[in-house]
**Student:** 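The structure follows.
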Amino acid sequence: DTAVSQTPKYLVTQMGNDKSIKCEQNLGHDTMYWYKQDSKKFLKIMFSYNNKELIINETVPNRFSPKSPDKAHLNLHINSLELGDSAVYFCASSQGGTQYFGPGTRLLVL
Amino acid sequence: QKEVEQDPGPLSVPEGAIVSLNCTYSNSAFQYFMWYRQYSRKGPELLMYTYSSGNKEDGRFTAQVDKSSKYISLFIRDSQPSDSATYLCAMILPSGGYQKVTFGIGTKLQVIP
């Protein structure tokens, strides 16, 4: 019973391509997040949705577009991928502060 | 100055040692404090969650918060090789009715058998 799941686990792609990462949580939480963890392991919030509504949008290039079709799903679409987008992307969900993370999607842009 | 400062380490200790991990923060509006453990190539998992100054104990782990000094600590007693991981402190800032979490960079811990 995976609480927060992400697909794909690994993503290797060329510069300029468009790709999507999907996230699903079965915890019944109202809030979901996307985080980026770079090569220095710093975990930085990108977006947060509460009940399908965008509530946090940090300074992220508009090539990144999140979408929440329902409160159990939060997807991340990235246009025109750049080398600097290579990182691990984590989805998380929360109810009242404590966050539960997915296993991460390792994105490598060549 | 970063909102949350944490020494990235690495920190190497012998098995059985007491480990002390620390974070300082600059924003006195932070209200809730957490410690996450992240094993290599895995997502962070919550270890401890506190909201008041003082100590909170859970098994071999003790979380300590000193709001007056803006300083939080995680102590691990009788450390085990399985404790080898990166430990991230995290703090919650209520923001417009929602809660925004800020993470430290994480301290990499290695417990040597």
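Keep in mind that what you see is a predicted model, and the values were worked out from it rather than measured. Every chain is numbered from 1, with letters handed out A, B, ... down the list of sequences.
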**Student:** Do B:Val65 and B:Met91 belong to the same hydrophobic cluster, where Ile, Leu, Val, Met, Phe, Trp and Tyr are linked whenever their side-chain heavy atoms lie under 4.5 Å apart, directly or via other members?
**Tutor:** yes

**Student:** Under 4.5 Å, counting heavy-atom pairs only, tell me which of A:Gln6, A:Arg106, A:Lys44 racks up the most with chain B.
**Tutor:**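 Most pairs with chain B among the choices: A:Arg106.
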
**Student:** Transitively linked via ILVMFWY side-chain contacts under 4.5 Å: A:Met32 with A:Phe47?
**Tutor:** yes

**Student:** Kindly work out whether a path of hydrophobic side-chain contacts (I/L/V/M/F/W/Y, heavy atoms less than 4.5 Å apart) joins A:Ile56 to A:Leu43.
**Tutor:**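 Yes, A:Ile56 connects to A:Leu43 through the hydrophobic network.
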
**Student:** If you count the non-hydrogen atoms of other residues, nucleotides and ligands that lie under 6.0 Å from OH in B:Tyr39, is the total more than 12?
**Tutor:** yes

**Student:** Suppose a student defines contact as a heavy atom less than 4.5 Å from any heavy atom of chain A. Which residues in residues 102-109 of chain B would they list?
**Tutor:**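 Contacts with chain A: B:Phe103, B:Gly104, B:Ile105.
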
**Student:** Could you go step by step and tell me if B:Tyr36 and A:Gln99 meet the side chain to side chain contact (heavy atoms under 4.5 Å, CB included) rule?
**Tutor:** CA-CA 10 Å; B:Tyr36 282 82; A:Gln99 305 203 345; 3.4 Å; yes

**Student:** Roughly how far, to the nearest 0.5 Å, is the CG atom of B:Leu46 from the OG atom of A:Ser94?
**Tutor:**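 If I round to the nearest 0.5 Å, the distance is 11.0 Å.
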
**Student:** For the hydrophobic clusters of this structure (ILVMFWY residues joined by side-chain heavy atoms under 4.5 Å, transitively), does one cluster hold both A:Ile78 and A:Leu74?
**Tutor:** yes

**Student:** Quick one: salt bridge (charged side-chain N to carboxylate O under 4.0 Å, His left out) pairs with a partner in residues 73-86 of chain A, sequence neighbours left out?
**Tutor:**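 Only A:Arg63-A:Glu82, A:Arg63-A:Asp85 qualify under salt bridge (charged side-chain N to carboxylate O under 4.0 Å, His left out).
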
**Student:** Counting only non-hydrogen atoms closer than 4.5 Å, does A:Gln37 touch chain B with its backbone (N, CA, C, O), its side chain (CB onward), both, or neither?
**Tutor:** side chain

**Student:** Anything under 3.5 Å between a donor and an acceptor, one on a side chain of residues 16-24 of chain B, the other on a protein residue two or more places apart or in another chain? List them.
**Tutor:**
unit_1: B:Ser20; atom_1: OG; unit_2: B:Asn22; atom_2: OD1; d: 3.4
unit_1: B:Asn22; atom_1: OD1; unit_2: B:Tyr71; atom_2: OH; d: 3.3
unit_1: B:Asn22; atom_1: OD1; unit_2: B:Ser73; atom_2: OG; d: 2.9

**Student:** Using 0.5 Å steps for rounding, measure from the CD atom of B:Gln38 to the CZ atom of A:Phe101.
**Tutor:**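 Output value for this atom pair is 8.5 Å.
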
**Student:** Select, from B:Pro44, B:Pro8, B:Gly43, the one with the greatest count of heavy-atom pairs under 4.5 Å involving chain A.
**Tutor:** B:Pro44

**Student:** Report whether A:Tyr49 and A:Tyr33 are members of the same hydrophobic cluster (ILVMFWY, side-chain heavy atoms less than 4.5 Å apart, transitive linking).
**Tutor:** no

**Student:** With sequence neighbours excluded, tell me which residues meet ring-ring contact (aromatic ring centres under 6.0 Å, His included) with A:Phe42.
**Tutor:** none

